[in-house]
Participant: 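One structure is given below, represented as structure tokens, and several questions about it will come after.
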Amino acid sequence: MKYISTRGTAPVLNFEDAILTGLATDGGLYVPESLPTFSSEQIAGWAGLDYPDLAFEIMYPFLGETISEGEFRQLLQETYAEFRHQAIAPLVQMDRNLWILELFHGPTLAFKDFALQFLGRLLDLVLERRGQKVVILGATSGDTGSAAIEGCRHCENVDIFILHPHNRVSDVQRRQMTTVVEHNVFNLAVEGNFDDCQNMVKAAFADQSFLPDGRQLVAVNSINWARIMAQIVYYFYAGLALGSPHRQVSFAVPTGNFGDIFAGYLARGMGLPIEQLVIATNCNDILHRSISANDYSKQDLIHSLTPSMDIMISSNYERLVFDLLGRDGREVASRMHAFKEGQPLQLPQAALNDARVLFSSARVDDQQTVEAIRHQFEKTGYLMDPHTAIGFEAGRAAVAGQQSPMVCLATAHPAKFSEAIEKTGLPVHAALPHHMVDLMQREEQFDVIANELPEVTEYIRRAIG
Ligand SMILES: *Cc1c(COP(=O)(O)O)cnc(C)c1O
């Protein structure tokens with residue numbers, strides 16, 4: 001399988017190089033040159049497979065020849081053995097035609113574990129083979145950092161450095177990162193905000209000369225192709241459980257960077273009969289504005305009750321735009337350059353119409369989010385985290401008048417985002433699951449660091465020296 005850049009001029013890479021590279025040299029994102037597709041008969045034959053075996057069928061065609069079938073099966077078994085539900089991604093029925101897909105049974109209680117538990121092991125396997133070591137550097141306001149750290153803590157060939165804004169992440173979020181005490185895990189609390197952290201990460205990727213020879217930086221945000229690929233699996237898993245390929249299914253997805261829902265789009269391209277994909281945003285609604293009003297334009301960031309969806313621009317949207325523009329890399333590049341200069345990205349009417357055949361969108365603000373959590377809890381006793389509530393609210397509205405079942409992706413456990421739960425005024429407390437009850441007592445390890453790039457690069461150099 002070959003990987004090409006959405007902007008058309010960067011070198012074509014194989015799978016391994018694609019996952020070890022951040023952005024392409026032309027500023028684009030890597031995508032497979034073509035998608036593997038499966039017939040209805042093939043998909044029907046997967047009914048009843050357990051999660052790791054299904055993951056093998058879906059992901060193996062994306063890989064290069066260097067990873068053997070046996071190795072890859074074993075890697076997937078180990079990855080999903082870390083999850084604390086036998087079904088890995090269980091479905092919960094909420095109404096006749098409305099379901100929740102619980103994606104929060106991994107080690108850090110958010111759906112990012114699906115991809116990052118996998119990515120850590122995959123990198124280690126590939127690097128071991130090459131006799132190479134890498135440095136992961138990322139900035140986080142919460143979920144990505146903890147999932148990446150858990151995914152890499154046992155890697156022999158990876159050192160991981162995660163920057164978070166000092167005193168600006170919740171106690172649970174911080175402790176999920178800082179209580180992982182390993183020789184290759186480094187938590188840096190930056191005296192600045194999340195944007196400062198992210199800007200330093202970008203600058204470090206742009207100039208990696210501070211690293212010793214032979215080392216390189218690897219990205220763990222969703223620009224990394226392996227993350228998207230791993231997320232395709234649960235769309236098939238849910239679809240099969242609900243009668244696909246003989247029956248259409250729809251999904252509602254709480255979205256920030258357009259990574260999770262883009263995986264759903266790929267599942268459809270590979271043969272899963274998806275009728276509708278509902279893009280659910282919070283008040284940072286650039287994606288909703290793009291689909292509903294053809295207005296993909298940057299607006300100020302609003303801090304919401306759903307911090308994992310607080311974004312100004314959705315980096316993975318470029319991967320969809322690439323397809324919508326007929327995979328014309330030059331066209332994507334010129335439009336993205338204009339966007340960077342401050343112009344809104346407008347899709348040609350035909351492309352927008354194409355997108356709307358599959359995608360619809362909704363914006364759910366904080367007040368509606370809190371209301372949705374309260375309403376469902378009072379009605380059914382089911383407690384949703386606020387990100388999940390956004391997808392559920394959008395899915396519930398969209399399912400009216402449609403035949404296929406609507407599956408709403410539950411992206412986090414409610415105990416991770418207790419602030420929103422408290423705002424409901426419900427007499428309920430979302431308890432951490434059993435394996436984490438002592439999180440607040442565990443020993444923490446992190447270093448506070450000035451908001452200065454040279455301090456960060458020097459820290460990394462010394463730590464891996
Ligand atoms: C990361 C995250 C999202 C958004 O996912 P994208 O792939 O960026 O769209 C939604 N909910 C939770 C809980 C998350 O951690």
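Each ligand, and each atom within it, is numbered from 1 in the order the structure gives.
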Participant: Taking ring-ring contact (aromatic ring centres under 6.0 Å, His included) as the criterion, tell me which of F114, F111, F118 meets it with F83.
Facilitator: F114
Participant: Do Y382 and F377 have ring centroids that are under 6.0 Å from one another?
Facilitator: no
Participant: Distances for all N or O pairs of ligand 1 and the protein under 3.5 Å?
Facilitator:
from     : atom 1 : to   : atom 2 : distance (Å)
ligand 1 : 7 (O)  : G259 : N      : 3.3
ligand 1 : 7 (O)  : D260 : N      : 2.9
ligand 1 : 8 (O)  : N257 : N      : 2.8
ligand 1 : 9 (O)  : G256 : N      : 2.8
ligand 1 : 9 (O)  : N257 : N      : 3.4
ligand 1 : 9 (O)  : F258 : N      : 3.4
ligand 1 : 11 (N) : T411 : OG1    : 2.9
ligand 1 : 15 (O) : K112 : NZ     : 2.5
ligand 1 : 15 (O) : D143 : OD2    : 2.4

Participant: Can you list everything that forms a salt bridge (Lys or Arg N to Asp or Glu O under 4.0 Å) with D438? Sequence neighbours excluded, please.
Facilitator: R442
Participant: Verify ring-ring contact (aromatic ring centres under 6.0 Å, His included) between F15 and W225, making sure each step is shown before the conclusion.
Facilitator: CA-CA 9 Å; F15 174 75; W225 168 254; 8.4 Å; no
Participant: Residues two or more places apart in sequence or in another chain: which of them pass salt bridge (Lys or Arg N to Asp or Glu O under 4.0 Å) with E191?
Facilitator: none
Participant: K340: what forms a side chain to side chain contact (heavy atoms under 4.5 Å, CB included) with it, not counting sequence neighbours?
Facilitator: none
